[in-house]
Amino acid sequence: MGQDIDLEKIRARYGLLAVVGSNIAITAVAIFGVWQLDGDRAVIVGVLTSAFTAMAGLTTAYLGIKAVSNTAQSMSKEAGRQQDAERQQSARPALEDEAVQADGGLGAEPPGTPTVPTPTTPASAP
């Protein structure tokens with residue numbers, strides 16, 4: 001269990017590092033591109049818009065994937081807990097069934113209950 005948590009921390013750390021590194025690279029390329037364009041405003045706006053769109057898309061994708069991964073892990077852990085609880089619950093009725101069988105089965109009267117005689121039909125006279 002502890003190893004899974006450590007592995008997940010490493011994945012998160014390197015995933016975030018990859019996103020930040022990519023955003024820095026996109027920023028550097030955008031700055032270099034704007035510097036080389038010598039003031040052509042229409043192209044500069046296009047380069048900056050593309051750069052910010054790429055950065056937003058990359059960051060959003062990382063955060064979305066991370067959120068889905070965290071949700072799936074927590075659901076998986078919760079399903080495991082529910083299965084354990086169901087296993088424990090299913091073990092209990094077996095003991096109760098054994099107790100019912102020892103007492104005479106379902107519908108048996110509890111000990112100490114007075115027995116009621118069954119009604120008889122009168123015999124016909126000759």
Side-chain angles (χ1 to χ4, degrees):
M1 184 83 165
Q3 187 178 12
D4 291 340
I5 294 172
D6 292 340
L7 179 62
E8 198 56 39
K9 284 182 181 179
I10 291 170
R11 284 182 182 169
R13 192 171 292 136
Y14 282 109
L16 185 61
L17 183 63
V19 170
V20 170
S22 298
N23 285 346
I24 290 171
I26 291 169
T27 302
V29 169
I31 290 171
F32 180 76
V34 168
W35 176 62
Q36 291 294 321
L37 291 173
D38 291 331
D40 188 359
R41 292 185 192 270
V43 179
I44 290 173
V45 169
V47 167
L48 292 178
T49 301
S50 298
F52 287 125
T53 301
M55 291 169 59
L58 185 67
T59 304
T60 303
Y62 170 75
L63 294 175
I65 291 168
K66 187 68 182 139
V68 169
S69 173
N70 290 346
T71 302
Q73 284 181 348
S74 66
M75 288 177 69
S76 174
K77 288 177 185 176
E78 183 64 30
R81 286 187 206 124
Q82 285 179 351
Q83 286 177 351
D84 290 342
E86 288 173 3
R87 280 189 212 120
Q88 290 175 354
Q89 191 98 11
S90 67
R92 288 185 193 134
L95 296 175
E96 291 171 6
D97 288 344
E98 291 171 8
V100 168
Q101 290 173 0
D103 287 342
L106 291 176
E109 295 193 21
T113 305
T115 56
V116 177
T118 45
T120 57
T121 54
S124 55

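- In the hydrophobic clustering of ILVMFWY residues, with side-chain heavy atoms under 4.5 Å counting as a link, Val34 and Val43 come out together.
- Nearest heavy-atom pair across Leu16 and Tyr62 is N-OH, 3.5 Å.
- Atoms CD and CE, on Gln82 and Met75 in that order, are 9.5 Å from each other to the nearest 0.5 Å.
- One hydrophobic cluster holds both Ile10 and Leu17 under the rule that ILVMFWY side chains link at heavy-atom gaps under 4.5 Å.
- For the atom pair Ile65 CD1 and Asn70 CG, the distance stands at 12.0 Å (nearest 0.5 Å).
- The CG atom of Leu48 lies 9.0 Å from the CD1 atom of Ile31; values are rounded to the nearest 0.5 Å.
- For the pair Ser76 (side chain) and Ala72 (backbone), a donor-acceptor distance under 3.5 Å is absent.
- A heavy-atom distance below 4.5 Å is found between the side chains of Glu78 and Arg81.
- In this structure, Leu63 CG and Lys66 NZ are separated by 10.5 Å, a value rounded to the nearest 0.5 Å.
- Linking ILVMFWY side-chain heavy atoms closer than 4.5 Å, directly or via other members, places Phe52 and Ile44 in a single hydrophobic cluster.
- The heavy-atom pair separating Thr27 from Asn23 by the smallest distance is OG1-O, 2.8 Å.
- Annotation for Val19 and Leu58: closest pair O-CD2, 4.2 Å, computed over non-hydrogen atoms.
- Scanning all heavy atoms of the two residues, the minimum distance from Ile26 to Ala51 falls at CG2-O, 3.6 Å.
- Counting only distance, with no hydrogens or angles, the side chain of Thr60 and the backbone of Gly57 share no donor-acceptor pair below 3.5 Å.
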